[in-house]
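First the structure, in the form of structure tokens, and then the observations on it.
No experiment lies behind these values; they were computed from the predicted model shown.
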Amino acid sequence: MASNSNRKLKHRRNKDSDDVEGGDPEVWQMFDNNFKQVQSVLDRNRALIQQVNDNHQSKIPDNMVKNVELIQELNGNISKVVSLYSDMSSDFSTVFNQRNGDRKSGDSRSE
């Protein structure tokens, strides 16, 4: 059943992408770059979490001390991801409202 819904979603995305092909390539590039930044930070967090777990399981005092710094980096990275998603949300809203405004003004011109 999940694969059926995935096919529907994929079909919907393909259908939707036809509608946005005329969109601003710079906007799509901006979103792509932002998602790549987020993914990079999330990948780093995954590595940090693994290192923290390994250090904790080793029970070596020096490794436990290193965890403090690793966890601080994790906290900073989480804040960075929140900020990146917030910026993307704001950018998306701006682009959506601009495009929506363009459509509305286009509709009123055709009357």
Side-chain angles (χ1 to χ4, degrees):
M1 186 161 151
S3 64
N4 188 26
S5 63
N6 286 344
R7 275 183 269 177
K8 286 180 184 177
L9 180 63
K10 187 174 180 182
H11 174 70
R12 170 81 193 259
R13 263 189 305 211
N14 289 341
K15 191 175 178 184
D16 289 346
S17 67
D18 293 341
D19 295 338
V20 296
E21 281 185 7
D24 188 344
E26 288 180 24
V27 171
W28 290 111
Q29 186 63 45
M30 175 187 62
F31 285 122
D32 187 52
N33 289 341
N34 287 342
F35 280 118
K36 286 178 181 175
Q37 271 187 287
V38 168
Q39 189 60 53
S40 174
V41 175
L42 293 175
D43 289 342
R44 174 68 180 150
N45 281 359
R46 182 182 356 232
L48 288 170
I49 290 168
Q50 185 60 53
Q51 185 63 49
V52 167
N53 286 335
D54 291 346
N55 288 349
H56 183 73
Q57 288 176 356
S58 75
K59 298 187 189 314
I60 298 171
D62 284 346
N63 287 349
M64 301 298 243
V65 170
K66 290 176 186 175
N67 276 355
V68 172
E69 187 177 322
L70 295 174
I71 292 169
Q72 287 172 341
E73 183 179 347
L74 266 170
N75 286 334
N77 287 350
I78 291 167
S79 295
K80 189 182 297 185
V81 168
V82 168
S83 176
L84 287 167
Y85 275 129
S86 176
D87 291 347
M88 283 194 299
S89 175
S90 177
D91 292 344
F92 179 81
S93 293
T94 300
V95 169
F96 180 80
N97 289 331
Q98 286 173 349
R99 288 188 63 134
N100 224 10
D102 291 347
R103 286 186 187 143
K104 286 181 182 176
S105 61
D107 290 346
S108 63
R109 283 182 277 179
S110 64
E111 292 177 357

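Smallest separation of non-hydrogen atoms from Met88 and Phe35: CE-CE2, 3.7 Å.
The side chain to side chain donor-acceptor pair (under 3.5 Å) contacts involving residues 81-96 comprise nothing, where partners must be two or more places apart or lie in separate chains.
Within 6.0 Å of CZ in Phe31 there are more than 12 heavy atoms belonging to other residues, nucleotides or ligands.
Take Gln57 and apply the side-chain contact (heavy atoms from CB on, under 4.5 Å) test, not counting sequence neighbours, and it matches no residue.
Counting heavy atoms from C-beta outward, Asp54 and Gln50 have side chains that approach closer than 4.5 Å. Within the 4.5 Å cutoff, no side-chain heavy atoms of Asn53 are placed close to those of His56.
Using a 4.0 Å cut-off between charged side-chain N and carboxylate O, Lys36 and Asp32 make a salt bridge.
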- Task: Begin with the C-alpha distance, continue with both residues' side-chain angles, and end with the deciding distance and a verdict on side chain to side chain contact (heavy atoms under 4.5 Å, CB included) for Gln37 and Asn33.
- Result: CA-CA 6 Å; Gln37 271 187 287; Asn33 289 341; 5.6 Å; no
Donor-acceptor contacts under 3.5 Å from residues 67-74 side chains, at least two apart:
{"unit_1": "Asn67", "atom_1": "OD1", "unit_2": "Asn55", "atom_2": "ND2", "d": "2.9"}
{"unit_1": "Asn67", "atom_1": "ND2", "unit_2": "Val52", "atom_2": "O", "d": "3.3"}
{"unit_1": "Glu73", "atom_1": "OE1", "unit_2": "Arg44", "atom_2": "NH2", "d": "3.1"}
{"unit_1": "Glu73", "atom_1": "OE2", "unit_2": "Arg44", "atom_2": "NE", "d": "2.9"}
{"unit_1": "Glu73", "atom_1": "OE2", "unit_2": "Arg44", "atom_2": "NH2", "d": "3.1"}

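In the hydrophobic clustering of ILVMFWY residues, with side-chain heavy atoms under 4.5 Å counting as a link, Val38 and Ile78 come out apart.
In summary, the side chains of Gln39 and Asp43 do present a donor paired with an acceptor at a separation below 3.5 Å, with no hydrogens or angles considered.
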